[in-house]
Novice: 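Quick one: structure below, then a few questions.
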4 protein chains.
Amino acid sequence: MSSLAKQPASPRKRPRQARARVTVDAILQASTRILQKQGLEKFNTNHIADVAGVSVGTLYQYFPSKDAILIELIRQKRSQLSDALADAAAQSADLTLEQALDNLLRVTIAHQLSWPMVGRTLDYAESFLPLADESFNFKRELTDIISTLLAKFSVPNADMVARDLIFALNGLIEGILATHNADADQIFTRAQFLAHGYINAVREN
Amino acid sequence: MSSLAKQPASPRKRPRQARARVTVDAILQASTRILQKQGLEKFNTNHIADVAGVSVGTLYQYFPSKDAILIELIRQKRSQLSDALADAAAQSADLTLEQALDNLLRVTIAHQLSWPMVGRTLDYAESFLPLADESFNFKRELTDIISTLLAKFSVPNADMVARDLIFALNGLIEGILATHNADADQIFTRAQFLAHGYINAVREN
Amino acid sequence: MSSLAKQPASPRKRPRQARARVTVDAILQASTRILQKQGLEKFNTNHIADVAGVSVGTLYQYFPSKDAILIELIRQKRSQLSDALADAAAQSADLTLEQALDNLLRVTIAHQLSWPMVGRTLDYAESFLPLADESFNFKRELTDIISTLLAKFSVPNADMVARDLIFALNGLIEGILATHNADADQIFTRAQFLAHGYINAVREN
Amino acid sequence: MSSLAKQPASPRKRPRQARARVTVDAILQASTRILQKQGLEKFNTNHIADVAGVSVGTLYQYFPSKDAILIELIRQKRSQLSDALADAAAQSADLTLEQALDNLLRVTIAHQLSWPMVGRTLDYAESFLPLADESFNFKRELTDIISTLLAKFSVPNADMVARDLIFALNGLIEGILATHNADADQIFTRAQFLAHGYINAVREN
DNA sequence: GATGAATGAGGGTTCATTCAT
DNA sequence: GATGAATGAACCCTCATTCAT
């Protein structure tokens with residue numbers, strides 16, 4: 001369902017064989033683990049290869065550069081969120097705005113929890129990776145999902161409201177995750193408050 | 001008004017001569033400029049010294065390490081925000097909750113605009129700098145300012161609401177700044193919507 | 001025969017390919033040559049790599065730090081002496097005390113001559129390297145060899161006498177080597193005088 | 001009584017005024033203390049000036065270079081030993097060889113104890129300082145004192161024996177000091193054994 | 001004379017990337 | 001395809017020395 005462009009800096013070699021697929025996955029998983037536990041500082045190709053259990057040479061057969069790995073991670077993460085949100089939106093066709101928003105919220109929070117600690121780091125990585133167009137498209141994709149939902153319920157300024165809601169929720173979720181180890185339910189309740197309150201304010205205005 | 005601890009990683013040498021003060025400022029300004037224009041990737045001591053128009057050796061007379069410069073910038077930025085918010089809060093003693101919040105909002109936005117592009121980077125830098133305690137205190141300080149205000153107007157759960165509001169607004173402001181070059185007024189209007197909507201939702205609950 | 005602990009600061013990577021073994025040897029030989037000809041002042045990693053005909057990066061693949069190279073040299077030197085002395089002691093089982101001592105003396109002098117000029121420098125290096133335990137064990141090992149021999153011939157205070165004899169002989173040999181280019185025989189004769197004289201004095205006491 | 005040449009690398013400025021004398025002493029004492037407690041690694045001009053309570057600029061008014069300070073320390077140390085030994089020798093004119101040697105030994109040990117930990121470091125420093133001639137003269141001076149004494153009692157090969165005795169005793173004393181905190185008496189007893197034994201062996205031969 | 005700010009060459013170490021085996 | 005040894009530019013930091021005030 002995601003329609004992100006996949007051309008620049010994509011994996012050097014399409015893994016057609018099972019073994020190759022396994023190698024690429026090992027590299028990406030090792031990368032994620034390093035990002036989670038040690039951050040960008042220890043995110044270096046030798047270390048990644050080591051953790052992945054392959055040689056650096058092999059790593060470079062599948063990824064043309066270190067940044068390409070980061071880019072692939074970002075794409076996967078975005079892809080997952082994008083798909084999950086689109087799914088949730090599709091399944092919320094008959095619900096009220098609040099109910100539909102809640103579903104999207106749950107999906108978003110679950111997604112963030114499945115990439116623990118990595119969110120902020122990948123967000124920062126975006127700033128130096130050549131992903132401008134892709135990032136723009138991704139944000140539009142997300143915004144469109146929300147914006148379409150809002151428009152369906154005649155919320156004014158749907159597009160801007162969608163963008164701002166995403167920014168605010170992102171800030172809230174990242175913020176909570178960065179401080180306490182809150183569980184999904186708690187985060188949901190707090191995010192729900194924010195979302196409902198904001199949307200109501202916009203509608204009543 | 002800010003009472004942040006200033007001990008670890010503080011400047012190596014307190015500048016006694018006027019010349020030294022100038023040098024330290026040049027280093028900090030060069031650092032800020034580099035962070036703004038080129039990010040952490042080009043934030044290296046040789047480059048900083050170069051841009052500042054001093055030698056590396058001089059840089060190291062005033063800062064014990066590269067990280068110490070980042071830390072000093074973070075402290076200055078925090079200190080400024082902390083002080084400005086405390087001032088604004090003090091001057092809002094006789095206003096309504098909404099008016100008081102608006103004042104704090106304006107101060108916050110003005111502050112962010114005065115450190116363009118640097119917010120996200122310094123936020124990320126926090127993750128690898130030894131600032132846990134200091135960051136905790138700073139966040140508490142901010143939270144306390146908002147929380148006190150909310151409590152005064154009998155908003156329930158003042159502390160948690162304050163924290164979440166800060167997270168959300170931070171996400172919103174950073175988000176807007178990262179995409180468009182919005183002006184202070186536009187950001188204010190959008191942030192105001194969020195803040196009022198959220199707070200109203202909490203009150204009515 | 002030497003049983004020195006080999007854990008801290010050991011080579012970073014165990015050379016698996018023949019090529020790697022060659023590289024490590026080149027680095028250690030270059031290091032020794034530099035210590036001999038230019039001393040600790042010119043003992044820097046870039047220079048070592050240069051002389052060894054490898055890049056600095058390669059050097060750091062096998063040694064985690066500059067000091068680790070020094071430590072490895074010290075270990076090799078000690079190991080050689082330790083082994084040679086143990087051998088000589090074993091082969092001197094049926095000899096008189098004087099004859100056995102002479103054998104040990106010859107081995108020691110030959111050993112020093114095979115590491116020309118490096119003795120004093122490595123001795124000094126010990127003072128700033130984290131080798132306390134290892135040094136202690138090495139000294140005990142040497143002392144034990146002599147001490148056991150002395151005890152066998154009922155020399156009183158064998159342990160202390162062994163230690164003092166080692167100190168004195170070390171001073172003598174280093175001293176002679178530092179001034180004239182004496183040959184092994186000449187050094188032997190002079191050291192023999194000292195050793196026999198000292199031991200006789202102890203026995204007659 | 002010492003007649004060491006004092007020309008190369010001597011203090012830049014003869015301290016004629018009391019204040020200057022005080023400054024030079026402060027620098028030399030700070031240097032000694034640093035050498036004792038932290039070794040050559042922390043022996044740097046900024047640190048020395050700091051500990052001495054003067055500015056680096058001032059330090060360079062009295063010493064043309066860092067090495068000049070080391071050289072001056074070596075000269076002072078040598079001068080003290082030289083003078084003390086000459087005194088002791090002069091006062092031992094009517095004693096037996098053993099008694100005279102004991103006196104020299106006591107003086108030597110006392111001297112070493114008054115420069116704790118610094119002996120080995122300064123010995124090493126000699127290796128890279130331009131002191132060849134001076135060192136040669138100093139060693140000759142010491143050797144002459146012993147050698148003259150030995151010759152007076154018809155010890156054969158007085159010169160070589162003197163040299164070797166000095167080497168051996170130096171090794172012994174440094175060795176003992178480096179391992180245990182032995183007191184002067186204990187060191188004396190052990191050194192005496194060595195000296196007497198060695199000399200007796202030479203005489204009887 | 002004294003001060004201490006400034007200099008910059010030098011040296012330790014890392015890590016993305018290449019390439020012979 | 002895979003390996004891992006090798007490379008070297010780049011970066012952090014120190015410290016002997018100078019010089020304006």
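Every chain is numbered from 1, with letters handed out A, B, ... down the list of sequences.
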Novice: Starting from P on F:dC12, measure out to CG on B:L59 and report it in whole angstrom.
Specialist: 10 Å
Novice: Would you write the dot-bracket representation of DNA chain E, where each base gets (, ), [, ], | or . depending on whether it forms a Watson-Crick or G-U pair under 3.5 Å and with which partner?
Specialist: .||||||||||||||||||||
Novice: Could you tell me how far apart B:R21 (CZ) and E:dA6 (C1') are, to the nearest whole angstrom?
Specialist: 17 Å
Novice: Does A:S55 make a side-chain N or O approach to OP1 or OP2 of F:dT3 shorter than 4.0 Å?
Specialist: yes
Novice: Got D:L28 and D:F63 here, is their nearest side-chain heavy-atom distance under 4.5 Å?
Specialist: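 Sidechains of D:F63 and D:L28: in contact.
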Novice: Between B:K77 and B:V118 (side chain of the first, backbone of the second, donor and acceptor by atom type, cut-off under 3.5 Å), is there such a pair?
Specialist: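 No.
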Novice: Where the side chain of A:N44 is concerned, which of F:dT17, E:dT7, E:dC15 is the nearest nucleotide?
Specialist: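 Closest nucleotide among those given: E:dC15.
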Novice: Check if the side chain of B:Q61 and the base of E:dA5 share a donor-acceptor pair of N or O atoms closer than 3.5 Å.
Specialist: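 By the distance-only test, no, there is no pair.
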Novice: Could you check D:T45 against A:T58 and say which one's nearest nucleotide on DNA chain F is further toward the 5' end?
Specialist: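 By nearest-heavy-atom nucleotide position, the 5'-most residue is A:T58.
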Novice: Give the C-alpha distance, both sets of side-chain angles, the deciding distance and a yes or no for side-chain hydrogen bond (donor to acceptor under 3.5 Å, both in side chains) between C:W115 and C:Q80.
Specialist: CA-CA 11 Å; C:W115 291 78; C:Q80 284 179 16; 3.0 Å; yes
Novice: Want to settle it: does B:G53 or C:E41 sit nearer the 5' end of DNA chain E, counting the closest nucleotide to each?
Specialist: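 First, find each residue's nearest nucleotide; the 5'-ward one identifies B:G53.
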Novice: Any donor-acceptor pair under 3.5 Å linking the side chain of B:T58 with the backbone of B:V54?
Specialist: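 No: the side chain of B:T58 does not pair with the backbone of B:V54.
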Novice: Given atom CD1 of C:I48 and atom C1' of F:dA6, what is their separation to the nearest angstrom?
Specialist: 17 Å
Novice: Whole angstrom is fine here: how far is it from NZ in B:K66 over to C1' in F:dC11?
Specialist: 8 Å
Novice: Roughly, in whole Å, what's the span from OH in A:Y60 to P in E:dA16?
Specialist: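 Answer to the nearest Å: 6 Å.
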Novice: Between A:K42 (side chain) and A:L35 (backbone), is there a donor-acceptor pair under 3.5 Å?
Specialist: no
Novice: Taking only side-chain nitrogens and oxygens of B:T23, does any of them come within less than 4.0 Å of OP1 or OP2 of E:dA6?
Specialist: yes
Novice: Whole angstrom is fine here: how far is it from NZ in D:K42 over to C1' in F:dC13?
Specialist: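 Result: 12 Å.
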Novice: Just compare F:dC13, E:dG12, E:dA16 and give me whichever is closest to any side-chain atom of B:V56.
Specialist: F:dC13
Novice: Answer yes or no: is there a donor N or O on one side and an acceptor on the other, between the side chain of C:K37 and the main chain of C:T32, under 3.5 Å?
Specialist: no
Novice: For A:D133, is the CG atom crowded, meaning more than 12 foreign heavy atoms sit under 6.0 Å from it?
Specialist: no
Novice: Can you tell me the distance, in whole Å, between the CZ atom of D:F63 and the P atom of F:dC15?
Specialist: 20 Å
Novice: Any idea which of F:dT7, E:dG1, F:dT14 is nearest the C:V54 side chain?
Specialist: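 The closest nucleotide is F:dT7.
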Novice: Counting any heavy atom closer than 4.0 Å, what does B:N46 reach on the DNA or RNA strands: base, sugar-phosphate only, or nothing?
Specialist: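 Counting heavy atoms under 4.0 Å across all strands, the contact made by B:N46 includes a base.
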Novice: Below 4.0 angstrom from OP1 or OP2 of E:dA6, is there any side-chain N or O of B:Y62?
Specialist: yes
Novice: Evaluate the side chain to side chain contact (heavy atoms under 4.5 Å, CB included) criterion for residues C:E134 and C:R78: first the C-alpha distance (whole Å), next the side-chain angles of each, then the deciding distance (0.1 Å), finally the verdict.
Specialist: CA-CA 10 Å; C:E134 227 174 294; C:R78 285 179 173 175; 4.3 Å; yes
Novice: Check the distance between F:dA10's P and B:L40's CG and give it to me in whole angstrom.
Specialist: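 Whole-Å distance recorded here is 19 Å.
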Novice: The side chain of C:S65 is closest to which nucleotide in this list: F:dC13, E:dT13, E:dA16?
Specialist: E:dT13
